[in-house]
Amino acid sequence: MSELTAIRGMNDILPSETPSWQYVERAVENVLASYGYAEIRMPLVEKTALFQRSIGAVTDIVEKEMYSFDDRNGDSMTLRPEGTAGCVRAAIQRGLLGSPQRLWYAGPMFRYERPQKGRQRQFHQIGVESFGVPTPDMDTELILLCDRLWQRLGIADSVSLQLNSIGNLPSREAYRDALVCYLEKRLDQLDEDSRRRLDSNPLRILDSKNKATQALLCEAPRLADYLDDDARSHFSRLCDLLDAVGVSYTVNERLVRGLDYYNKTVFEWVTDQLGAQGAVCAGGRYDGLVLQLGGKAVPAVGFAMGMERLVLLLQEHGSVQERPEADIYVVSAGSEAQREALVATQALRVAFPDLCIQQHVGGGSLKSQMKKADKSGASLALIWGEDEVADNSVSVKFLRENAVGQARQINVATNRLEKTVRSFYAS
RNA sequence: GUGGCCGUAGCUCACCGGGUAGAGCACCGGAUUGUGACUCCGGAGGUAGCGGGUUCAAGACCCGUCGGCCACCCCA
């Protein structure tokens, strides 16, 4: 093996996998279009400060996971670790926020982490963001959109919705103080990671996986008790609407999300089928971010889904059907026959733009060409040899089980080939 | 950043201190003249991740290193 290998955590998506990817991408694009969302494409690289000021300076992402570098002018740039910051920046800078906007984007994100199942350094997200609508019906729409997509992909049974409200900044700060106060009195019962979080990001302690810590939290102050009326009614309206449509969810009071910009609604679609990586899709409301990044006070909600994780889920369910490499495989013996075959094949491609018609290349005996025809999965082989050239015909061989009474091989005049193929596919 | 498991043919894996390192699948060729699959026959393909050590002898044991997977952490 050469030492010129791919960078750790940056995977090639191989030909055997791209059908699954395309399947997911098409389904997503379809569903998004049906809800009226428009695509936006942003650069992969942004100024480092953009991420520092949006994601939150003390988050792991900004502290140790960003691919940052100085460009030739000495300005610090960063390969985007997530999409929301760039999308907000673009929306502000390009003046998209005069009226409500429904946007989506897809593409690679970069985070310097140890790779594991469902997690790599270059990974792909599809992000959906809504700007300008402060009411909970907007949050609802986004969640319904997800639900529709899971149905569409056939993975609805594998994911479930976790929901919470983390209120506005003042109530979160008040709660944070109460939580820290409570935990500081019980420092000895806290695990090491949680102790570290006590100064940096106390809310994250809530979703610690440590059992002792979780037990400790049962008696801790509850975030829900600190929400103001606005956040409370926003959340209950969201729940009402979800109930009305019949989307089931679990209110998870410990769900706080990692990025600083969220307020009010946060949600996560989780699965137990991807090892340690439970979150397939996650997001929430971020009413303050546009203002914080230099725009007007425009409310917003959004979420992102992890393509790799969706594809993994889909593959576990085996619901992507594979297509044969070719529908028709063209073989020939002799250079004159190959010439005839080439011309006829080109005409067939015009007549049947949706079929995959492969003409054998690279020579070899007719036998070896026929082997290739079989392996390609094609239903028909078209054969040109000396005899066919001599009488302007082509031999059509049916390679698969087909309609009763169908001959295994027939010889037709070249000018009747199109008609023959058409009738084969009609039946 | 920490921990566990693992690097032998294109792929999945055997052999687990001793002869020229094997199998299945895949690949190539042949089994009648111009015809696939199934079957049979034949062939090609490996400095056993890399470096060092122990030993009369190492793919197997030890150390290091690189790479992979999984988990912690974090997150989509």
Side-chain angles (χ1 to χ4, degrees), chain A residues 1-9 11 14 16 55 58-65 81-84 106-128 146 159 191-194 196-197 200-201 204 207-210 256-259 267-271 274-284 302-313 329 331-334 337 360 362 364-390 395-401 408-409 411:
Chain A
M1 184 83 63
S2 160
E3 64 275 20
L4 295 178
T5 53
I7 293 167
R8 176 199 270 265
N11 293 335
L14 300 175
S16 59
I55 298 170
V58 296
T59 58
D60 278 21
I61 294 178
V62 168
E63 274 182 344
K64 48 190 193 197
E65 295 178 359
E82 57 106 40
T84 300
M109 307 292 165
F110 303 85
R111 280 156 36 183
Y112 189 87
E113 299 182 276
R114 280 294 276 271
Q116 70 186 71
K117 189 179 179 73
R119 192 178 81 180
Q120 36 277 130
R121 291 182 176 181
Q122 174 174 332
F123 61 104
H124 298 78
Q125 284 188 338
I126 292 173
V128 181
C146 293
V159 295
D191 64 278
E192 199 182 324
D193 284 318
S194 296
R196 184 169 46 80
R197 296 236 156 264
S200 58
N201 204 343
R204 299 303 325 242
D207 54 18
S208 163
K209 282 179 188 168
N210 186 286
V256 290
R257 311 280 315 126
L259 284 56
F267 65 92
E268 232 172 63
W269 291 91
V270 297
T271 180
L274 289 184
Q277 258 53 53
V280 167
C281 169
F303 66 85
M305 36 197 165
M307 273 297 293
E308 280 81 0
R309 293 178 186 181
L310 282 179
V311 168
L312 277 174
L313 260 190
Y329 199 93
V331 306
S332 59
H360 180 83
S365 64
L366 201 58
K367 184 190 182 74
S368 68
Q369 293 186 42
M370 286 301 293
K371 280 190 180 180
K372 292 271 168 49
D374 182 55
K375 287 208 185 74
S376 77
S379 306
L380 297 182
L382 306 182
I383 305 162
W384 270 272
E386 285 178 22
D387 297 347
E388 285 83 358
V389 171
S395 293
V396 180
K397 181 157 188 173
F398 304 93
L399 298 174
R400 314 288 154 204
E401 293 307 314
R408 292 191 69 74
Q409 179 168 331
N411 186 266

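Numbers restart at 1 for each chain; the letters A, B, ... are given by sequence-line order, proteins then strands.
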Roughly how many Å apart are [M] and [N], using the [atom1] atom of each and rounding to a whole number?
| N | M | atom1 | answer |
| --- | --- | --- | --- |
| B/C13 | B/A26 | C1' | 14 Å |
| B/C61 | B/G17 | C1' | 8 Å |
| B/G59 | B/U55 | C1' | 15 Å |
| B/A31 | B/A48 | P | 37 Å |
| B/U12 | B/U8 | P | 8 Å |
| B/A44 | B/U35 | P | 26 Å |
| B/G19 | B/C27 | P | 33 Å |
| B/G43 | B/A9 | C1' | 14 Å |

List the residues meeting side-chain contact (heavy atoms from CB on, under 4.5 Å) with [X], not counting sequence neighbours, and say none if there are none.
| X | value |
| --- | --- |
| A/Pro115 | A/Arg8, A/Arg121 |
| A/Val62 | A/Gln52, A/Ile55, A/Thr59, A/Met66 |
| A/Gln122 | A/Met10, A/Pro108, A/Phe110, A/His124 |

For A/Asn11, side-chain hydrogen bond (donor to acceptor under 3.5 Å, both in side chains) partners two or more places apart |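 Testing A/Asn11 for side-chain hydrogen bond (donor to acceptor under 3.5 Å, both in side chains), a comparison that skips the adjacent residues, returns none.
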
Any side-chain heavy-atom pair from A/Val331 and A/Trp384 closer than 4.5 angstrom?
->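 Side chain of A/Val331 against side chain of A/Trp384, heavy atoms only: no contact under 4.5 Å found.
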
Decide yes or no for A/Asp374 and A/Arg400: does some side-chain heavy atom of the first lie under 4.5 Å from some side-chain heavy atom of the second?
->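 Yes; the side chains approach each other to less than 4.5 Å.
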
Residues in salt bridge (charged side-chain N to carboxylate O under 4.0 Å, His left out) contact with [X], at least two apart in sequence or another chain:
| X | result |
| --- | --- |
| A/Glu268 | A/Arg257 |
| A/Lys367 | none |
| A/Glu65 | none |
| A/Asp387 | none |

Quick one, give me the B/S/- string for nucleotides 68-74 of chain B, reading 5' to 3', where B means a protein heavy atom under 4.0 Å from the base and S means that only happens at the primed atoms, P, OP1 or OP2.
-> S-SBBBB

Going 5' to 3' through nucleotides 25-37 of chain B and flagging B where a protein heavy-atom sits under 4.0 Å of the base, S where only the sugar-phosphate is that close, and - otherwise, we get --SS-----BBBB

Structure string for RNA chain B in dot-bracket form, Watson-Crick and G-U at under 3.5 Å, | interchain = (((((((..((((........)))).(((((.......))))).....(((((.......))))))))))))....

Using atom types as modelled and distance alone, determine if a side-chain donor or acceptor of A/Arg309 lies under 3.5 Å from a backbone N or O of A/Ala279.
->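 Yes: the side chain of A/Arg309 pairs with the backbone of A/Ala279.
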
Under 3.5 Å, side chain of A/Gln369 to main-chain N/O of A/Ser332, donor-acceptor pair present?
->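 Present.
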
If you look at every strand shown and take non-hydrogen atoms under 4.0 Å, does A/Leu259 touch a base, only sugar-phosphate, or nothing?
->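 If one applies the 4.0 Å heavy-atom cut-off, A/Leu259 turns out to touch the sugar-phosphate alone, with no base involved.
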
Starting at SG of A/Cys146, measure out to CZ of A/Phe303 and round the result to the nearest 0.5 Å.
->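 If I round to the nearest 0.5 Å, the distance is 3.5 Å.
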
In Å and rounded to the nearest 0.5 Å, what is the CD to CG distance from A/Gln277 to A/Leu312?
->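 Separation between the atoms: 10.0 Å.
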
Sort me out a list of protein N/O and nucleotides 39-46 of chain B N/O pairs below 3.5 Å, or just none if empty.
none

Between atom CE in A/Met305 and atom P in B/A76, what is the gap in whole Å?
->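 From A/Met305 CE to B/A76 P: 13 Å.
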
